[in-house]
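Worksheet: one structure, shown below.
Lettering of chains follows the sequences in order, A, B, ..., and the numbering in each one begins at 1. Being a predicted model, the structure only gives us computed values, none of them experimental.
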Number of protein chains: 2
Amino acid sequence: MTARSTADVLGRASGPDAGRVVHRARTLVAPALADAVATLHPWVAGMADYALGREDGPSGPRQGKGVRQALAVLGAELAGAPASEGVPGAVAVELVHTFSLVHDDIMDGDSMRRGRPALWKEYGTGAAVLAGDALFALAVQTVGTAPAAVRRLSAALGDLVHGQADDLLFAHRPWTGPEGVTVEEYERMAERKTGALLGCALALGAHFGGADEETASVLDRTGRHLGVAFQIADDLLGIWGDPRTTGKPVLGDLRQGKKTFPVLAALGTPYGTELSGLLASGDESGAQRAADLVAEAGGREAALADARRHLAAADTLLDSIPSAPRPDAELRALLVALSRRSV
Amino acid sequence: MTARSTADVLGRASGPDAGRVVHRARTLVAPALADAVATLHPWVAGMADYALGREDGPSGPRQGKGVRQALAVLGAELAGAPASEGVPGAVAVELVHTFSLVHDDIMDGDSMRRGRPALWKEYGTGAAVLAGDALFALAVQTVGTAPAAVRRLSAALGDLVHGQADDLLFAHRPWTGPEGVTVEEYERMAERKTGALLGCALALGAHFGGADEETASVLDRTGRHLGVAFQIADDLLGIWGDPRTTGKPVLGDLRQGKKTFPVLAALGTPYGTELSGLLASGDESGAQRAADLVAEAGGREAALADARRHLAAADTLLDSIPSAPRPDAELRALLVALSRRSV
C-alpha cells in the first residue's frame, strides 16, 4: 500500500480535485456525445437529450455528473494515450448508463429523476422503452469498430441486466431464514449492477488508448471494486445521510424495506430477530428504531469496513499496472470522492 | 432475370420446400440457442424461454417459425461454408427478433402473442423490459468475437429502433395533407423495421461463413427488399386475408386505422377524399366499404406490384453474387414463401 492509497484517505479529500477531473472529461466528451445522439431518429433524439439532461445545452444543470465518462477518459490516459482517445468509450458508457436509468425507472416505478419527471412519466412507458433501446443500440454502434471494446461492453451489459434482475428479486425475498439475502449475494449484485459499468468505463478507455488485454482487465476489476464501495456508500447515505445533501427522504431505504448492506450485515447478528421483526412489520414509525438497531448491531461499521476493503483492493490493483503519475493520482482521487459520494 | 426468378413465381410454389428449409435450420440452431439462453440469470432465462416459445422443449408448438435463423444459415451456405458456420449469426438474429417482439408488444399495448398472453402481460411490464434488454445484450455477446458481424448487427439494431419509432409516430399523423404519410415514407419504415433484421440475418450468416464485405452487403440489401415485400404482404393479409388462416380479426387493420401500404396508395388517387373521410370517422361499420374503396382505387394492385418489384430487386441482387446452386435455390424458394406469408 502506498502513501497515496485511497483506503488511507477514506473520509478526507487529498490530491487532485475530483470535481475538476469530472468536469474536464464532460467538456471533452460533450461534442462527441451530441454527434452520436444526432444520428438517432429525431423524436428519439429528443427523448435521449431529455434523459441525458442535454436539452438545455451541453452544460445544463440537469446532466448527470458524468463519472463514467471521466473513468473512460482516465483509462485512456492511464494507457499513455491522450485523453481524446478515450472519447468513444466515454460516449458508449454514458449512453449505456442513461439507457439503464431510463429502463430501471420503468422497472422500479420511480417517477422522478434529477428533480423532474422520469422519462417514462414525461413521454409514456412505450416511448421510454424505445428510447432506452435506441441508447443501447447507439452504444454498441459507438464501439463497433473495436473488437476488444465490443467484448468488454457486451459482457458489462450482460452483468448489468443480471444485477438488475437480482436487485428486483431481492425485494421479494424474506429478511431472514434460508431464503434471506446474504451479504455475499448483495456484493455480487452490486458488483454486476453498479461495478460492471464502472469497470467497463475504465477498461474501454484503456482499450481505445491502446492498452493490452491484461491492463484493461485489471482496470475492469478496479472499477468493479469501486462499484461495490459506491453502492455501499449509497446505502449508508440512504440511512444516515443528510436529506438536504442526498436529496433522498429521511430513512427512505428503511421505510421502503430495501435490502441494503448495513441492514443485511445487522441481520446476521444477535440483533437480527428484533430487527427483522421491525422491518417485516412495515411499521413506518419503526424506521428510526431500525436505524438505531442497525448501528448498534455494527451494521454501519461493517458496511464502512467493507467499502474500505473494496477501495483498498482497487488501490492494490492500480499499484500493479504501470501508469503515468497524473492520471493515476486523478483516478485515485476520483475513487475516494466517489466512495464518499462527494462528486 | 433467370427462369428461377422469385418474381416470376409470386403466387405459386416451386423448387425446394421452404417449410423444410426453415425446419432444418431451426433444428440445427436449437442447441446453440438453448446454450445461449442458459447463460442468463435463471429468472430472466425463464422469461426468455417463454418469449422464444421454448418452455415446452426445443420443438414446442409456440415457437416462432425461425425465418431469420434460416436466412442466417443459408447466408453461410451461400458463402460456401457448412450450415453450422451460420449458427452464431442465427442465434443472434433470433435473440434480436425476440427482443423486438417483447418490447414492441409493450409499446403497442398488444396483450396477446402466438395465442397466449404477451410476455409483459404474463410477467409484468418491468420484467418484460428487463427480459428484452437481456436478449439484446446476449445477441451482442453472441457475435462479439466477429467485428464485421458486430458492425452489421449494431447497424440493424439502430434501424430497427428507427423504424419502430416511425411506425409509432405514423399512428398520430393525419390521413391526408402535407402531414400525411407517403408511400415512400412507408417503404423506408418497412425497410428499417422489418427489412434490416432480415438483411442482417443473411449478412451475418455470410460473415460467419467467411464471405467478403461486398457479398455480405449484397445479401443485406436482398433481405431489406424482402422485408418490404414481407410487410406489404402482411398489409394485404390484414385487409383481404382469411382470418381463419391469418389469425387476425376481419378488416382489423382498417378498423384500427393502421397506415398500411394499400391504404396509403389509395389515398393518393381520386378515391382519396372519400376514403380519408371514411377512415377519419372511425366508424367501424365503414371498414368493409373502405376495403372496397381501397381495391377500387387500385391500392391492392399497387401493393402487389410493389411487393413484386421488391422481390424482383432481391432476385437481381442474388443473381449478382456467386453462390452454390442448392442454397441459392432454397433461399429463392424462401423469399417467395415469405412474401406469400406461407411459411
### Query
Is there side-chain contact between A:His41 and B:Asp166, with at least one heavy-atom pair below 4.5 Å?
yes
### Query
Is A:Gln164 close to B:Leu130 at the side-chain level, that is, under 4.5 Å between some pair of heavy atoms?
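With C-beta onward as the side chain, the pair touches.
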Determine the minimum heavy-atom distance between [X] and [Y], stating which atoms define it.
| X | Y | result |
| --- | --- | --- |
| A:Met107 | B:Val129 | CE-CG1, 3.8 Å |
| B:Val140 | A:Ser154 | CG1-CB, 3.7 Å |
| A:Ala137 | B:Gly158 | CB-N, 4.1 Å |

### Task
To the nearest 0.5 Å, tell me how far B:Asp133 CG sits from A:Asp104 CG.
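If we round to the nearest 0.5 Å, B:Asp133:CG and A:Asp104:CG are 8.5 Å apart.
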### Query
Looking at NE2 of A:His162 and CH2 of B:Trp43, how far apart are the two atoms once the value is rounded to the nearest 0.5 Å?
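It is 11.5 Å, given to the nearest 0.5 Å.
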Between [options], which has the largest tally of heavy atom pairs under 4.5 Å with chain A?
| options | value |
| --- | --- |
| B:Val150, B:Ile106, B:Leu157 | B:Val150 |
| B:Thr145, B:Val161, B:Thr39 | B:Val161 |
| B:Ala165, B:Gly144, B:Gly126, B:Pro147 | B:Ala165 |

### Task
Measure distances from B:Leu153 to the heavy atoms of chain A and classify the residue's part below 4.5 Å as side chain, backbone, both or neither.
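B:Leu153 has no heavy atom closer than 4.5 Å to chain A.
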### Query
In terms of the angle between their ring planes, are A:Phe136 and B:Phe136 parallel, tilted or perpendicular, with boundaries placed at 30° and 60°?
parallel
